[in-house]
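A note on names: the letters A, B, ... follow the listed sequences, proteins ahead of strands, and every chain is numbered from 1. Just so you know, these numbers come straight off a predicted model, no measurement behind them. The basis for the numbers below is simple: all heavy atoms, side chains too, and nothing from hydrogens, waters or symmetry mates.
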Amino acid sequence: MFEQIIFYSFGTMLLLSALMVISVRNPVYAALFLVLAFFSTSAIWLLLRAEFLAIVLVLVYVGAVMVLFLFVVMMLDINLARLRAGFMRYLPAGALVALVLAASMVLVVGGEGFNEIRESGLAERGPAYSNTAELGEALFTAYLYPLEIAGAILLVAIIAAIALTQRAKRETKAQNPDAQVAVRRQDRVRLVKMSSERDSE
Amino acid sequence: MLEMIRQMLNATVGQIVPAAWQAQTVEVMLIVMQITIILTPLMLCVAYMVYAERKVIGSIQGRIGPNRVGAFGYRLAGLGQPIADALKLILKEIIIPTGSNKFLFVIAPILSMAPAVAAWAVIPFAADTVLADINAGLLYVLALTSLAVYGVIIAGWASNSKYAFLGAMRSAAQIVAYEIAMGFALVGVVVAAGSLNLGQIINAQSGSLLHWYWLPLLPFFVVYFISGVAETNRAPFDVAEGESEIVAGFHVEYSGMAFSLFFLAEYANIILISVLSAVLFLGGWLSPFEGVLPKSAFTLPVIGSVLGGGIHWLLLKTSLFIFVFLWLRATFPRYRYDQIMRLGWKVFIPITLVWLVVIATLAKLQITPWFN
């Protein structure tokens, strides 16, 4: 009962905020609603005792990815009228993508892997059970190769992104810290000995 | 103690609430009570940390600092100053600038305050004295400290002022940059302790002063603390405020209690970073005399409990770090922005990556006395 109230309130919040992400006019609001959606998802995962996934969702998506999103959205002057103009034109393509996503979700959740959970519910474990350790063990033993391949792909993406920004010849000026640190007094100051002169006549 | 209160609550709540709800109601009431017990001293500490800061910096600069406001006609070395400041700020009007985004403008101080106090849920104050003893405690802290940036960004954007916006942009880039180094430093702690639970991390450090992680994880310790200074936007990394360039940065348009919430959040974050440094690298509530004095010394009636581990050691270590925060502010000039970015990305992250390999090797080979 208690859990169901929490689940339904966060579930409603998740759906509403997800709806607001795509319907609200102000892009900054949209980004903030996405943050709220992530939070609600994380709360629902916490209800499933998946504390590692829940916290990592907040840490990675809310703490890092959405900050950069907001950063960009705030800096850009986005023309909303032009964004909305293509709505009807892109509707068929969007509907197709939505259909494919929904179908794949139904296939996964309705498939073999979830049979056990549907029949007997989630296995209850004591508070000493750490699903962080369990997850780590599975990732680095049974799924080691997929993990390494995913890591390599991400690394390639990082390097590619950096390479793209470095393509144009760099025209901004920047200090060379090594040269700055290596500077000695003799390089900058020249002491000149002069004989004192008389005051003007 | 907790059980006694739980029984008392059970008896009284049982008469008011239907039986199906009794357990949850009592649990929520207990948690609220524990939160109050943690947060009331914290807020007092925040208020008096401002006083301590003014006194310490005054002393470093050869001044006296606040010494006028006392109580009942006595000056008491200015101890009434924080109370007077708080009263003044509460009574002041909150001005909402024209053209600002009203809802976000009001919610931003709350967003910066909430993570700063929520993170205290997992801090172990003494052996088995913690509000939420969760397995992923360290991750929780990291996630919550990474949320502090939202208050700053939203405040800067909602103010509709270029100075506030510049401050928010600077702060966002800085916090995202230092979070990575901070995360790597914490990964090192996790590798060394073999647990994400803060209580278990402290227990893994027990032995003696040399078993504490400041020694084997020295590079992480330095990187973590400096990143903590940068995360809290304190001098010498306070470009987000930069009073000489952008007036006061993200909170320039705020007044009254809205402003003081930012202020409180900043100091609560400082105390949080100090507590975490003490917990992760200086053995938390462990006593420095452990392993030095014979075991019989800790069984003495009063002296034993002072010498042995307890909350007083955690408070002492935390105070040490807080003092370092104030000391840094009084002695260092502000970093240039490009130097901040260079330090974060090109110095700290490589250091932590290299030392992570070293620590993993040490832990794998089970080098005593730290890893066994």
Side-chain angles (χ1 to χ4, degrees), chain A residues 1-3 5-6 26-29 31-36 38-39 42 45-46 49-75 125-136 158 162 172-178 180-181, chain B residues 18 20-21 23-25 27-28 101 103-104 107-108 111 115 122 132-150 152-154 156-158 165 168-173 175-177 179-180 182-183 186 190 194-197 200 336 338-339 341-343 346-347:
Chain A
M1 179 65 181
F2 196 64
E3 251 176 52
I5 292 177
I6 296 177
N26 190 332
V28 173
Y29 273 9
L32 290 175
F33 272 116
L34 194 52
V35 170
L36 189 62
F38 283 136
F39 261 114
S42 153
W45 285 0
L46 268 185
R49 275 85 157 167
E51 80 265 5
F52 179 78
L53 288 177
I55 295 174
V56 163
L57 180 74
V58 171
L59 177 63
V60 174
Y61 282 92
V62 180
V65 174
M66 287 315 292
V67 172
L68 295 179
F69 253 71
L70 262 183
F71 198 91
V72 173
V73 165
M74 284 176 178
M75 296 282 272
R125 318 248 185 192
Y129 179 78
S130 166
N131 65 28
T132 314
E134 192 85 355
L135 201 66
I158 294 175
I162 295 174
T172 48
K173 289 183 178 169
Q175 283 93 357
N176 179 357
D178 296 335
Q180 284 182 322
V181 172
Chain B
W21 292 82
Q24 280 95 350
T25 319
E27 205 53 43
V28 167
N101 193 317
F103 176 69
L104 289 182
I107 211 172
L111 284 182
V122 294
D133 192 15
I134 59 174
N135 284 330
L138 196 61
L139 265 182
Y140 172 81
V141 168
L142 194 62
L144 276 179
T145 46
S146 71
L147 295 184
V149 65
Y150 277 95
V152 174
I153 298 187
I154 292 175
W157 186 76
F165 191 59
M169 288 294 123
R170 286 182 179 193
S171 162
I175 291 181
V176 170
E179 214 171 75
I180 299 171
M182 206 173 197
L186 295 184
V190 173
S195 170
L196 282 166
N197 182 306
Q200 283 172 21
R336 214 172 55 206
D338 62 313
Q339 290 173 331
M341 284 299 148
R342 196 181 108 85
L343 184 71
K346 293 191 180 171
V347 180

S.K.: Within a reach of under 6.0 Å around CZ of A:F71, are more than 12 heavy atoms found that belong to other residues, nucleotides or ligands?
M.R.: yes
S.K.: Look at A:E3 together with A:R49 and state whether they make a salt bridge at an N to O cut-off of under 4.0 Å.
M.R.: yes
S.K.: Checking B:Q339 side chain against B:R336 main chain: does a donor-acceptor pair fall under 3.5 Å?
M.R.: yes
S.K.: Among B:V176, B:V149, B:T145, B:I153, which has the most heavy-atom pairs under 4.5 Å with chain A?
M.R.: B:I153
S.K.: Side chain, backbone, both or neither: which part of A:L57 has a non-hydrogen atom closer than 4.5 Å to chain B?
M.R.: neither
S.K.: Sort B:L196 into side chain, backbone, both or neither according to what part of it lies under 4.5 angstrom from a heavy atom of chain A.
M.R.: side chain
S.K.: Grab the two heavy atoms, one from A:I55 and one from B:A143, that are nearest each other, plus how far apart they are.
M.R.: CG2-CB, 3.8 Å
S.K.: Taking the side chain from B:Y150 and the backbone from A:V62, do they hold a donor-acceptor pair closer than 3.5 Å?
M.R.: yes
S.K.: Side chain, backbone, both or neither: which part of A:V28 has an atom under 4.5 Å from a heavy atom of chain B?
M.R.: side chain
S.K.: Could you look at B:D133 and say if it's the side chain, the backbone, both or neither that has a heavy atom under 4.5 Å from chain A?
M.R.: neither
S.K.: Looking only at non-hydrogen atoms, find the nearest pair between A:M66 and A:A31 and report the distance.
M.R.: CE-O, 3.4 Å
S.K.: At a 4.5 Å cut-off on heavy atoms, which part of B:L142 comes close to chain A: side chain, backbone, both, or neither?
M.R.: both
S.K.: Among A:V56, A:V35, A:V67, A:L32, which residue forms the greatest number of heavy-atom pairs with chain B at distances under 4.5 Å?
M.R.: A:V67
